[in-house]
Amino acid sequence: MSIHPGTAAERKAPGSHTPANPAKARRRSPTRVNPALYLFPLPAVAVVAFFLVMPTLQAFQYAITDWNGFSAAFNYVGLDNFIRAFTKDSLFTNALTNNLKFVLLVVIAQTLFSLILALLLTRNSRGSILLRALFFFPTILSSVSVAFIWKFIYDPNFGLANSVLRTVGVDGGAYLGNDAQALYWVAVTQVWFHSGQMMVVYIAGLQAIPRELYEAAEMDGANKWQQFKSITWPFVAPATSIVVAYTTVQSFKAFDLILGIAGNPPKSSLDILSTRIYSTFANSEFGYAAAQSIIFMAMIALVTWLQRRLLRLTPKGD
Amino acid sequence: MLASLSRRAILAIYAVIIIVPLTVVAFGSFKTTQELFAGPFSLPHSLSTDNFTEVVGGQNLGSSFMNSVIVTGISVPLTLFLASLAGYAVSRLKGFMSWAIFGFLVLGMAIPAQANMVPLYVLFGRLGLLDNLGGLILANVVSTLPIAVFILGGFMRTLPKELYEASSIDGSGPWKTYSSIALPLSAPSIAAAAIFLFVIHWNELLYPLLFIQTPGNRTLPLALLSFQGEFQTNYPLLFAGVILASLPVVVAYVFLQRYFVAGITAGASKG
């Protein structure tokens, strides 16, 4: 290995130059990496390859079988599982519809709401900082805890929402008990849960806007809305793509919240893809569950890609 | 004037929507069911800790708490260690290899846990990792390694190369440079990642639900979820469970609030 004297570390240091011949050393440095450095990422690479990448690839294999998870024998059934999901399984298409509806609702509501909160709390006053900490707080709780808190709020008989409404003489609703509305109420919970987190992402974006732009706009006689449209919005466009992308993935995976608030398994009006996959798996239909999980992954990828395309149309701050 | 009034009104209403449920839960955990239903907002008559004794003793929440402490206590540092090793290598290697290793590790962020849960369950079965805290730790580490590498590797790349070079010239090998230069200088991003991982691992539900069968091996979120079936409307008991399950994160949040925001936002804006 050793071609000329000097420690290994010295030779492979990127851009390092030996006083004797700097140019030569610099030219060589990219190939002169201490081989020991390749040992560093090895545990992470091995663990990810074996327990993340390999199982994911295997899911594709399981997806074309009718394996039940226990018997040694199983058949390759081609795309049957995928065809079954979309054409013969109303439980699955119901979960898919619910999930897309839920994602759409949460993404729109949470993006708007977290932006509004951020706009109201950009200033670094003491009150703002305190409120930011308060609004962020729900994010750190477990989904099951949040689910229990809201299960109580929505309880039609003893719940918080209806006791408040009763004091002002209004009849409350059934909330989660009303199948037509249940998903909307869970969307409200999800927004309560994570808006504070997205608000902070927006605040970081807003605070990067130079104050002078607003001063200049004010001197030109621009009103608040014009200022928002031509200064604030272009500057927060990058933050918006982060918020939208993250909220999408987060609401696709609202598994914990749904199980906590609706029970396991959830009723059909609250069933989403992840809970459906879990039920199929618990029902020992391993092959079919794997096929559903691939559809799930493809859905997330597709929606994220669509958003990227759509959001590119908005003006960028940079 | 009007604008500032409506600004205050919106903020006040939302503050109430956050504070009131949390207060009701805190009060409710000391109440009986009747007392809670009679007046959710009233102060509890007595600070009776019956609900807490019941959830800790009767419902195995005590052992679940310990399991959660063990699983999180090992998962977080282990993830950070593996991610920082990888992140360090990526920041020092050059060209294709650096790009390939980083890309391979970070690609995992695109894989949702539900996508590979069936094969992972089968694999864990073969390796004897089902119903086992070690299995949970492994699943936690694997699922969060990609984003941890992303955060730590991204930060380490911004460290000035001259420091590494100086260390090399002093005769330090890669391990020495990693432990005495890269790690200490990365402290801010390690702290942010640690809190991010703490919240995720402490609250993790899917893996325990998949892998754990014996009640004695449950972690807190799973034990809490099992309340849902057993004590449908015994809200005071559910609330005591919520309080116990949230306590460590809440205490940490009160003291390290700034870091929580930095950590979870690092996860959000880079995830």
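Computed from a prediction, not measured in an experiment: that's the story for all the values here. Side chains included, hydrogens not; waters and symmetry mates left out as well; all remaining heavy atoms used. Chain naming here is simple, since letters A, B, ... match the order of the sequence lines and numbering starts at 1 in each.
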- Message: Could you work out, with ring-ring contact (aromatic ring centres under 6.0 Å, His included) as the rule, every residue matching A:Phe113, not counting sequence neighbours?
- Response: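 Once residues adjacent in sequence are excluded, the partners of A:Phe113 under the ring-ring contact (aromatic ring centres under 6.0 Å, His included) criterion are B:Tyr14.
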- Pairing residues for A:Phe158 by the ring-ring contact (aromatic ring centres under 6.0 Å, His included) criterion, not counting sequence neighbours: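 Expected list: B:Phe37.
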Side chain / backbone / both / neither for [X] at chain B, heavy atoms under 4.5 Å:
{"X": "A:Val243", "answer": "neither"}
{"X": "A:Ile294", "answer": "neither"}
{"X": "A:Ser195", "answer": "side chain"}
{"X": "A:Phe152", "answer": "both"}
{"X": "A:Thr280", "answer": "neither"}
{"X": "A:Ala46", "answer": "neither"}
{"X": "A:Ala301", "answer": "neither"}
{"X": "A:Thr56", "answer": "both"}
{"X": "A:Leu57", "answer": "neither"}

- Neighbourhood of chain B inside residues 130-140 of chain A, taking heavy atoms under 4.5 Å as contact: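 Only A:Leu131, A:Ala133, A:Leu134, A:Phe135, A:Phe136, A:Phe137, A:Pro138, A:Thr139, A:Ile140 of residues 130-140 of chain A have a heavy atom under 4.5 Å from chain B.
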State whether the side chain of [X] and the backbone N or O of [Y] hold a donor-acceptor pair below 3.5 Å, judged by distance alone.
{"X": "A:Thr65", "Y": "A:Gln61", "answer": "no"}
{"X": "A:Lys253", "Y": "B:Gln114", "answer": "no"}
{"X": "A:Ser142", "Y": "B:Pro221", "answer": "no"}
{"X": "B:Thr72", "Y": "B:Phe198", "answer": "no"}
{"X": "B:Ser167", "Y": "B:Leu163", "answer": "no"}
{"X": "B:Glu204", "Y": "B:Tyr207", "answer": "yes"}

Picking from [options], which has the most non-hydrogen pairs under 4.5 angstrom with chain B?
{"options": "A:Ala36, A:Ser274, A:Ser163", "result": "A:Ser274"}
{"options": "A:Ala49, A:Ala239, A:Ala245, A:Ala204", "result": "A:Ala49"}
{"options": "A:Leu259, A:Ile153, A:Asn264, A:Ile300", "result": "A:Leu259"}
{"options": "A:Gly196, A:Pro43, A:Ser293", "result": "A:Ser293"}
{"options": "A:Trp192, A:Phe50, A:Trp150", "result": "A:Trp192"}

Interface moiety of [X] toward chain A, non-hydrogen atoms closer than 4.5 Å:
{"X": "B:Gln257", "answer": "side chain"}
{"X": "B:Trp202", "answer": "neither"}
{"X": "B:Leu209", "answer": "both"}
{"X": "B:Leu205", "answer": "both"}
{"X": "B:Ile17", "answer": "both"}
{"X": "B:Val250", "answer": "both"}
{"X": "B:Ile243", "answer": "neither"}
{"X": "B:Leu107", "answer": "neither"}
{"X": "B:Ile18", "answer": "both"}
{"X": "B:Leu11", "answer": "both"}
{"X": "B:Ile10", "answer": "side chain"}
{"X": "B:Val199", "answer": "side chain"}
{"X": "B:Leu244", "answer": "neither"}
{"X": "B:Phe41", "answer": "side chain"}

Decide yes or no for [X] and [Y]: does some side-chain heavy atom of the first lie under 4.5 Å from some side-chain heavy atom of the second?
{"X": "A:Thr189", "Y": "A:Tyr154", "value": "yes"}
{"X": "A:Val249", "Y": "A:Phe252", "value": "no"}
{"X": "B:Phe196", "Y": "B:Phe260", "value": "no"}
{"X": "A:His194", "Y": "A:Tyr246", "value": "no"}
{"X": "B:Ser68", "Y": "B:Arg218", "value": "no"}

What closest approach, in Å, do [X] and [Y] show between heavy atoms, and which atom pair accounts for it?
{"X": "A:Asn99", "Y": "A:Ser251", "value": "ND2-O, 3.9 Å"}
{"X": "B:Ala113", "Y": "B:Leu206", "value": "CB-CD2, 3.7 Å"}
{"X": "B:Thr177", "Y": "B:Ser172", "value": "OG1-CB, 3.7 Å"}

Of the listed residues ([options]), which shares the most heavy-atom pairs with chain A below a 4.5 Å separation?
{"options": "B:Val149, B:Ile101, B:Val90, B:Leu138", "result": "B:Leu138"}
{"options": "B:Asn116, B:Leu120, B:Leu123", "result": "B:Asn116"}
{"options": "B:Leu82, B:Val25, B:Val122", "result": "B:Val122"}
{"options": "B:Phe124, B:Phe102, B:Phe239", "result": "B:Phe239"}

- Task: Any side chain to side chain donor-acceptor pair (under 3.5 Å) involving residues 139-148 of chain B? Give me the pairs, sequence neighbours left out, ordered by first then second residue.
- Result: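 Listed once each, the pairs are B:Ser75-B:Asn140, B:Thr144-B:His201.
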- Does a side chain donor of either B:Tyr235 or A:Asp155 reach within less than 3.5 Å of an acceptor in the other side chain?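 Looking only at side-chain atoms, A:Asp155 and B:Tyr235 do form a donor-acceptor pair, the distance falling under 3.5 Å.
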- Message: Which label fits B:Tyr178 and A:Phe40: parallel for a plane angle under 30°, tilted from 30 to 60°, or perpendicular past 60°?
- Response: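 The rings of B:Tyr178 and A:Phe40 stand perpendicular, inter-plane angle above 60°.
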- Query: What orientation do A:Tyr278 and A:Phe281 show, parallel under 30°, tilted 30 to 60°, or perpendicular over 60°?
  - Reply: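 A:Tyr278 vs A:Phe281 ring planes: tilted.
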- Task: From the options A:Trp67, A:Tyr62, A:Phe286, select the one residue that forms a side chain to side chain contact (heavy atoms under 4.5 Å, CB included) with A:Phe74.
- Result: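 Single side chain to side chain contact (heavy atoms under 4.5 Å, CB included) partner of A:Phe74 among A:Trp67, A:Tyr62, A:Phe286: A:Trp67.
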- Under 6.0 Å between ring centres, would you say that holds for B:Tyr88 and B:Tyr164?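 Centroid distance B:Tyr88-B:Tyr164: below 6.0 Å, so yes.
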